[in-house]
> 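Just passing along the structure, written as structure tokens.
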Amino acid sequence: MALPFHVTSHLDTALRRAADPLGLVARGFEPEVRVADPAHGDFQANGALAFAKREKQNPRALAQQIVDGLEPSLQADFEITLAGPGFINFRIKPAALFAWLCAYDTAQHLQTGAASAHAGQTWVVDYSSPNTAKQMHVGHLRSAVIGEALCRMLTFTGAKVIRDNHLGDWGTQFGKLIYGYKRWADDAALMSEPIEELERLYKLGHAATPDDSPELDEARRELVKLQNGDAANVALWKQFSEASLRAFDEIYQRLGIRFDYNLGESFYNDKVDRIYRELAETGLAEDSAGALVVFHDEHPRFSRNNERPNPFMVRKADGASGYASTDLATALYRTEHFKADGIVVVTDFRQTDHFEQLFLTVKKWFAAKNYRLPELHHVTFGAVTDEAGKALKTRDGGTIKLKALLDEAVERAFALVTEKNPDLPEAERRTIAQTVGVGAVQYADLSQNRSSNYVFSWEKMLSFEGNTAPYLLYAIARIHSIFRKAGVAPATAASEAGATPPETPTETTLGRKLLKFPDAVRLASDTLRPHHLSLYLYELAGDYSSFNSADKVLVDDPALRARRLLLCARTLLVLETGLHLLGLRTLERM
RNA sequence: GGAUCUGUAGCUCAAUUGGAUAGAGCACUUGGCUUCGAACCAAGGGGUCGGGGGUUCGAGUCCCUCCAGGUCCA
């Protein structure tokens, strides 16, 4: 009988059961089971230390008492030892590890094991969200890549995920754009390179409408016409949005992203009146010099008593709606229409204050109206800067376009695959280059803690050595190569007759690493930080590479061969599943 | 000015959220392909975790205070 998929949960339950008769659970004992340094064991429980400290007991003696109360079956599966001031270490025994490796043998079984975390829940993930009529640049990469990884991890852990691209498709910039369009539009360019042309027209429109000029008044009139539903301007605006979406989709396809909805700011344009009404009616919002604002007095930063008040501005004094009102309407729509249990918004850290105020307001408003409140998460990430810590610019002053970055990555990958494997047909080398190049760019983002600022360098984004996508893809390609040579499909190695528990040091290290996949997924999805999964996969690929060098798989001894093929099959399964969770594609040959 | 985030090896980053001897990659030095793919593996040097103080069995992580930088709000 194999251990459960989540071994840490299993140990947690067992430790609680042992601690309960001692009266510890009633007094707040938490086992605190974690993945351990392999030198100490596979898992460790630290809970006795914190508890003994609170209760002024001897931690080591307490840990011993708990261990004495553990069920005998646990002793059969693990070597259990005490260490230091009261750590309880668990080292899995070979037979138990083998049974676990045999049991979780397909992507479906892995997902079933992982799906308890968000089972039955609906999550709306708001990510990418570029402004229409502008090209995406490298700054837009993080939201798209991190958001997609989160979507896949949430799906894997049981949630129904709704991908919503909250486009910046409404605002004052359209006045200047229409102004420029009506004077200088180049229809041919609009057909062939629509976003580049729209950017050109916006720049011309902006330059031609300086402050306090009659030209600016004209641009404002264009905006008002659009907002009032003028047929010609609305048609133009639609044309701009559709052209933008088509261009975005090219990028999204390369990144493996497909949105379920593109509900941009314009979609909520007619939904803000209800927000004004309900916030006023519940007494949350108040009039302040003609504007409608919400204070949060319990937070010094957002209190009316702040020296410089910083209220949540729901409606400006001139009557215009801003991000606050559309974002409130968005939260309501996602709750009512999508029945969201969780909402995740992925943006850079500069919007922290805005979302803190937004969520505070939503919580009070929903409570007052008795609306069900979903979990609200603002997933932030650091800025993309150059080596000097400044916002990223290329030499000519423009930002690096996302399209150009991906093209460059693919080009370099093509050169490399051509150098390494000149005999592969060109078409296949092109396909490989797409996967390797784009994967390297995605992985460069996903392998780093999203909170840190992102120092952009071509060298780093396009590095193919070390903790990079190509390293992981290479491990996968080598495993596929072994199965090709063995003449069996990886899936059939699941039931490879005659396989036995891992024996050599490299086999054992690899097998024990595989056991921690559930913890890596859980940690990454609980914290909404994909880099925890990236790091795990990198370490797993490293353990595989060591095993691959030390232990030959295709040997004559059938038992040895079966044992190692089983490890290859499981490593392949976890690496492919894990990389797909991060949003990367994988290869059988590279 | 207020708020907020960041500071770890020469460089780029980790550290399971208070746990055991702070780990990787790049770069550098050395060794390994007649053996399943060397885009690899094995080994080595490199650290006052920005400075100082505090909390405790235990601090890169928490609290205070300086220093440097990013960002937001006027």
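Keep in mind the model is a prediction, meaning the values are calculated, not measured. Proteins come first, then strands; the chains are lettered A, B, ... in the order of their sequence lines, and each starts at number 1.
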> Give the B/S/- string for nucleotides 28-36 of chain B, one per nucleotide from 5' to 3', where a protein heavy atom under 4.0 Å of the base yields B, of only the sugar-phosphate yields S, and otherwise -.
-------SB
> When you measure from the side chain of A:Y538, which nucleotide among B:rG25, B:rG58, B:rA39 comes out closest?
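Side chain of A:Y538 sits closest to B:rG25.
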> Taking only the side-chain nitrogens and oxygens of A:K420, find out if one of them lies under 4.0 Å from OP1 or OP2 of B:rA39.
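True: A:K420 side-chain N/O within range (under 4.0 Å) of B:rA39 OP1/OP2.
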> At less than 4.0 Å, is any side-chain N or O atom of A:S452 found next to OP1 or OP2 of B:rA14? Yes or no.
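Checking A:S452 against B:rA14: at least one side-chain N or O falls below 4.0 Å of OP1 or OP2.
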> Base, sugar-phosphate alone, or nothing: which one does A:A520 contact when heavy atoms must sit under 4.0 Å apart?
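No contact.
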> To the side chain of A:R350, which of B:rU17, B:rC72, B:rA20 is closest?
B:rC72
> Reckon A:D543 touches a base, only the sugar-phosphate, or nothing at all at heavy-atom distances under 4.0 Å?
nothing
> Between A:H40 and B:rG19, is there a contact of a side-chain N or O with OP1 or OP2 at under 4.0 Å?
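Checking A:H40 against B:rG19: no side-chain N or O falls below 4.0 Å of OP1 or OP2.
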> Is the distance from OP1 or OP2 of B:rU4 to the nearest side-chain N or O of A:R301 less than 4.0 Å?
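The answer is no; no side-chain N or O of A:R301 sits under 4.0 Å from OP1 or OP2.
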> Identify whether any heavy atom of A:N46 sits under 4.0 Å from a base atom; if not, whether one sits that close to sugar-phosphate; answer base, sugar-phosphate or nothing.
base
> Using atom NE2 of A:H299 as one end and atom C1' of B:rC72 as the other, report the distance to the nearest whole Å.
17 Å
> Just wondering, do A:F87 and B:rA20 stack (centres under 5.5 Å, planes under 30°)?
yes
> Within 45 degrees of the axis of the six-membered ring of A:F414 and under 6.0 Å from its centre: does A:R430 put its NZ or CZ there?
yes
> What is the nucleic acid contact for A:H531, judged by heavy atoms within less than 4.0 Å: base, sugar-phosphate only, or nothing?
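Sugar-phosphate contact only - A:H531 comes under 4.0 Å of backbone atoms but never of a base.
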> Considering every strand and a 4.0 Å limit on heavy-atom distances, what is the contact class for A:T527: base, sugar-phosphate, or nothing?
base
> State, yes or no, whether a side-chain contact exists between A:R91 and A:R512 at a heavy-atom distance under 4.5 Å.
yes
> Using atom CD of A:Q351 as one end and atom P of B:rA3 as the other, report the distance to the nearest whole Å.
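From A:Q351 CD to B:rA3 P: 22 Å.
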> How many angstroms lie between atom CD of A:Q442 and atom OG1 of A:T435, to the nearest 0.5 angstrom?
9.5 Å
> For the side chain of A:E465, counting heavy atoms from C-beta on, which of B:rA24, B:rA20, B:rC26 is nearest?
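Given the options B:rA24, B:rA20, B:rC26, the side chain of A:E465 is closest to B:rC26.
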> Hey, does A:E419 reach any base, or is it just sugar-phosphate, or nothing, if we go heavy atoms under 4.0 Å?
nothing
> Using a heavy-atom cut-off of 4.0 Å across all strands, would you classify A:D348 as base, sugar-phosphate, or nothing?
nothing
> Nearest 0.5 Å please: distance from the CG atom of A:L141 over to the CG atom of A:L406.
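CG of A:L406 is found 7.0 Å from CG of A:L141.
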> May I have the distance from A:N449 (atom CG) to B:rG25 (atom P), rounded to whole angstrom?
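Checked: the CG to P distance equals 20 Å.
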> For A:Y471 and B:rC41, is the shortest distance between a side-chain N/O and OP1 or OP2 below 4.0 Å?
yes
> Is the cationic atom of A:K516 (NZ for Lys, CZ for Arg) positioned less than 6.0 Å from the six-membered ring centroid of A:F43 and within 45 degrees of its normal?
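Yes, a cation-pi geometry holds between A:K516 and A:F43.
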> For B:rU6 and B:rA14, measure between their C1' atoms and round to the nearest Å.
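These two C1' atoms come out 16 Å apart once rounded.
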> Given A:H354, which of A:F349, A:F312, A:F359 fulfils the ring-ring contact (aromatic ring centres under 6.0 Å, His included) condition?
A:F312
> Which atom pairs, one a donor and one an acceptor, fall under 3.5 Å between side chains of residues 478-487 of chain A and the rest of the protein, sequence neighbours left out?
from   : atom 1 : to     : atom 2 : distance (Å)
A:R478 : NH2    : A:S545 : OG     : 3.4
A:H480 : NE2    : A:E576 : OE2    : 2.8
A:R484 : NH1    : A:E588 : O      : 3.1

> Could I get the full list of side-chain contact (heavy atoms from CB on, under 4.5 Å) partners for A:A18, not counting sequence neighbours?
A:I66, A:L70
> Any donor-acceptor pair, under 3.5 Å, between the side chain of A:D37 and the base of B:rA22, if you only look at N and O atoms?
no
> Categorize A:L473 for me: base, sugar-phosphate, or nothing, with a 4.0 angstrom heavy-atom threshold over every strand shown.
nothing
> Expressed in whole Å, how much space separates the C1' atoms belonging to B:rC66 and B:rC73?
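B:rC66 and B:rC73 have their C1' atoms separated by 25 Å.
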> Return the nearest nucleotide to the side chain of A:A83; candidates are B:rA39, B:rA20, B:rU56.
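So the nucleotide nearest the side chain must be B:rA20.
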